[in-house]
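Quick caveat, the model's predicted, so the values are computed rather than measured. Just so you know, these numbers use all the heavy atoms, side chains as well, and skip hydrogens, waters and symmetry mates.
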Amino acid sequence: MILICLVLFSCKPTKYVPSGKYLLNQVKVKVDNKRINHDELKSYIRQKPNKRILGFLGLRLYLGLYNLSDIHKDNGINKYLRKEGEAPVIWDLFATKKDLNQLKLFMSNKGYYKANVSDTLIFKKNKVDIVYHIKANKPYTVRSIKYTFEDTLIQPYVYADTVNSLIKRGALFDRDVLDNERTRLEYFLKNNGFYSFNRDAISYDADTSMMKVDLMLNIKNRIRTVNNQIVPFRQYKIDKVVVKSGLIKTDTSRMVLDSLSQNGIQIIYYQRTWVNPGTILQSNYIDPGTLYKVSNVDETKSHLLSLNVFNTPNIQFKRSTRNDTSQFNYLDCQIQLSLLDSIQSFGVEVDGTNSDGNFGGALNLIYQHRSLFRNAENFNLKLRGASEAVKRTDKPQFHYTLEYGADATLKIPKFLLPFNSIRFKKKYDPKTSFSISYNYNQRPDFTQTLANISFGYNWKVGPFVNQILKPISINYVNYDHVDSLSPYFKNVSGTYFENIIKNHIVSALNYSLIFKNQKPNKTTDFRYFRWNFEVAGNLLYLHSQLNHETKNKNGSYTLYRIPYSQYILN
């Protein structure tokens with residue numbers, strides 16, 4: 001790092017800035033209203049300076065790499081430095097004016113129509129700093145909200161949902177909020193059977209007076225067909241559901257197609273498929289005879305993907321030929337599933353290590369099967385072997401460590417016990433996991449054996465809350481041939497470390513509650529909370545009490561002459 005800093009500081013940042021041009025050094029935004037999101041403001045600025053690392057030092061590493069090259073040469077090292085580096089950002093007056101207009105547009109969209117936006121340019125040698133000044137002034141706010149409908153079918157649904165509206169009386173007249181409300185209403189109506197409804201049918205009229213806005217939300221409850229006929233939006237129900245489950249890329253001409261029907265859903269699959277039809281059914285939320293809901297489509301995609309055996313499902317709808325004199329139209333649904341290319345995989349990893357001058361290497365053999373018993377059970381097996389040359393401070397010669405072990409996990413997309421109904425599976429997306437591991441570590445100072453076996457559940461409560469319960473988690477730690485004269489173990493008597501290096505068992509129950517509202521493909525802020533609770537040794541202690549066992553010389557209870565731990569962590 002010192003060498004890199006010396007190189008960067010010794011390299012003039014304006015080295016490749018043309019004569020008469022300026023390097024864009026800094027861009028700042030100063031606004032007098034704390035309610036305005038500063039990061040959101042800066043996102044509207046397109047002309048940005050070169051990237052910096054270690055913000056408090058302001059190091060332009062990528063610009064420094066670019067300047068280290070000779071732009072007049074196109075050989076290997078110079079070409080590499082320019083590729084990994086970043087060319088100097090040259091200040092553009094036209095781009096500054098454009099960014100100024102973008103900031104004005106942002107303020108207007110947020111309801112600050114009378115905001116003043118200006119800029120200051122600070123020139124110093126071949127560099128320029130830009131400071132944008134924003135005086136927000138008084139914003140426009142929403143005074144009232146009214147609705148108009150061209151058809152009465154949608155009206156009761158929208159009125160019943162006004163409590164969830166993003167537009168609030170007294171709030172800023174924010175165009176982004178208005179647009180988000182259109183999207184929310186579209187999703188809400190599609191979730192109530194209005195399959196063909198589109199957000200383009202929603203528009204706004206705004207009447208402004210004394211910086212107060214009387215808002216009118218208009219919903220055109222009609223569409224135009226190919227024949228230019230006006231047809232009201234109608235609710236749709238599901239008629240037929242067909243699931244087609246494919247195979248991995250292979251010659252399917254010799255495979256035998258089979259089909260079954262359950263609860264009105266037809267599944268077409270190959271007899272030697274990797275995923276049994278029942279597993280697919282438990283992940284499907286689109287049922288014949290039910291009202292079309294876009295949330296059911298999303299849930300079906302999410303649960304099928306969580307099986308970890310399919311590519312993104314292709315779910316298509318088309319108008320059914322079924323005639324019905326009621327208010328409903330009907331849709332036929334087809335779900336096309338294609339398996340991932342690698343249901344089974346095998347990998348080899350080779351690692352080289354250097355720990356405090358001790359060189360070593362490791363070999364890992366990894367096997368994965370995504371549907372071990374043809375019900376999307378995800379099985380992972382890892383075998384590890386490693387060795388390292390270490391040197392003790394009290395002995396001159398090198399010693400070699402030996403480590404080998406195995407880890408196996410099996411995740412099943414359902415609860416084995418006590419709940420196993422289809423309804424429970426669809427509501428909570430439960431999973432059962434088993435794991436077992438063994439690790440043997442032979443070092444000059446000691447020999448250690450670690451073994452673990454655990455069994456647990458994982459389930460969701462809503463879109464943001466996940467719960468994990470491990471009723472069984474048993475760890476066995478065994479130390480053998482401990483060299484008490486080793487620097488690692490001198491003077492440990494009477495300390496906490498003394499208990500760690502003794503043979504012991506930990507039998508624990510773990511529970512975790514996790515909240516996370518991060519949205520995929522979004523860079524906005526999110527909240528994360530995790531609460532853990534663990535209790536160990538209580539059942540073993542009860543066993544000891546029932547059998548009238550007494551403590552050993554070290555003051556602890558034992559199981560098969562092995563001490564066990566007892567504690568509560570919160």
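A donor-acceptor contact closer than 3.5 angstrom is absent between the side chains of D176 and N109. If you check the side chains of N296 and D298, you find no donor sitting under 3.5 Å from an acceptor. Under 3.5 Å, the side chains of N466 and N458 contain a donor-acceptor pair of N or O atoms. No hydrogens or angles considered: nothing links the side chains of Y204 and D179 as a donor-acceptor pair under 3.5 Å. Side chain to side chain, Y147 and Q155 fail the donor-acceptor criterion of an N or O pair below 3.5 Å. Between Q467 and S512, the side chains place no donor N or O within less than 3.5 Å of an acceptor N or O (distance only, hydrogens not considered). No side-chain donor-acceptor contact under 3.5 Å links D70 and N78. For N570 and W531, the side-chain atoms include at least one donor-acceptor pair closer than 3.5 Å. With hydrogens and angles left out, the side-chain atoms of R370 and N308 include a donor and acceptor closer than 3.5 Å.
At a threshold of 4.0 Å, the pair R82-D74 counts as salt-bridged, since one of the basic side-chain nitrogens sits closer than that to a carboxylate oxygen. The pair E186-K190 meets the salt-bridge criterion, with a side-chain N (NZ, NE, NH1 or NH2) lying under 4.0 Å from an Asp/Glu carboxylate O. Ion pairing of R143 with D207 is absent here, as no side-chain N (NZ or NE/NH1/NH2) approaches a carboxylate O to less than 4.0 Å.
Under the 6.0 Å distance and 45° angle rule, K51 counts as a cation-pi partner of Y62.
Contact annotation: the side chain of F310 never approaches that of L305 to less than 4.5 Å [non-hydrogen atoms, C-beta and beyond]. Looking at T409 and F434, their side chains never come closer than 4.5 Å, going by heavy atoms from C-beta outward. Taking the side chain as every heavy atom from C-beta outward, I514 and F529 never approach each other to under 4.5 Å. Between L41 and Y132 the shortest side-chain heavy-atom distance does not fall below 4.5 Å. V27 has its side chain out of reach of K48: every pair of non-hydrogen atoms, C-beta onward, lies at least 4.5 Å apart. Residues N101 and V117 have side chains not in contact (no heavy-atom distance under 4.5 Å, counting atoms from C-beta outward). L24 is listed as a side-chain neighbour of Q47, based on a closest heavy-atom distance under 4.5 Å. Using a 4.5 Å heavy-atom cutoff, the side chains of N329 and Q235 are not in contact.
With Y112 as the partner, the side chain to side chain contact (heavy atoms under 4.5 Å, CB included) test is satisfied by one option alone out of D174, V31, I36: I36.
When all heavy atoms of N191 and V294 are compared, the closest pair comes out as OD1-N, 3.3 Å. Heavy atoms only, all atoms of each residue included: K15 and S69 are closest at NZ-O, 4.0 Å. Considering all non-hydrogen atoms of both residues, F464 and N517 come closest at CD2-CA, 3.5 Å. Closest approach of Y113 to S108, counting heavy atoms only: CZ-O, 3.5 Å. Scanning both residues, V309 and I343, for their nearest heavy atoms gives O-CD1, 4.1 Å. Between D407 and S437, the shortest heavy-atom contact is OD1-CB, 3.0 Å.
If you look at Y236 and Y195, their ring centroids are closer than 6.0 Å. The aromatic ring centroids of Y157 and F188 lie 6.0 Å or more from each other. Between Y159 and F149, the distance separating the two ring centers is shorter than 6.0 angstrom. Between F123 and Y22, the distance separating the two ring centers is shorter than 6.0 angstrom.
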| message | F233 vs F197, test: ring pair (Phe, Tyr, Trp, His ring centres under 6.0 Å). Steps then yes/no. | response | CA-CA 7 Å; F233 287 113; F197 187 86; 5.0 Å; yes
With salt bridge (Lys or Arg N to Asp or Glu O under 4.0 Å) as the criterion, how do D429 and K431 come out once you've worked through the C-alpha distance, each side chain's angles and the decisive distance to 0.1 Å? CA-CA 7 Å; D429 189 23; K431 291 178 174 59; 3.3 Å; yes
Take E40 and K110 through the test salt bridge (Lys or Arg N to Asp or Glu O under 4.0 Å) and record every step on the way to the result. CA-CA 11 Å; E40 201 172 356; K110 294 300 177 182; 3.4 Å; yes
Kindly indicate, with the supporting measurements, whether the criterion salt bridge (Lys or Arg N to Asp or Glu O under 4.0 Å) is fulfilled by R182 and D200.
CA-CA 8 Å; R182 292 174 67 206; D200 292 336; 3.7 Å; yes
Point to revise | CA sep, side-chain torsions, deciding dist, call: K135, D32, salt bridge (Lys or Arg N to Asp or Glu O under 4.0 Å) | key: CA-CA 6 Å; K135 187 176 181 181; D32 65 350; over 6 Å; no
Residues Y528, F515; criterion ring pair (Phe, Tyr, Trp, His ring centres under 6.0 Å); working and verdict: CA-CA 6 Å; Y528 177 86; F515 174 86; 8.8 Å; no
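To the nearest 0.5 angstrom, E299 atom CD is 11.0 Å from K426 atom NZ. The CD atom of Q518 sits 13.0 Å away from the CZ atom of R527 when rounded to the nearest 0.5 Å.
Formation of a donor-acceptor pair under 3.5 Å by the R52 side chain with backbone atoms of P49 is not found in this model. In this structure, the side chain of N364 does not engage the main chain of K382 through any donor-acceptor pair within 3.5 Å.
Within 6.0 Å of the CZ atom in F533, the count of heavy atoms belonging to other residues, nucleotides or ligands exceeds 12. Within 6.0 Å of the OH atom in Y428, the count of heavy atoms belonging to other residues, nucleotides or ligands does not exceed 12. In this structure, K427 places its NZ atom where only 12 or fewer heavy-atom neighbours from other residues, nucleotides or ligands lie under 6.0 Å away.
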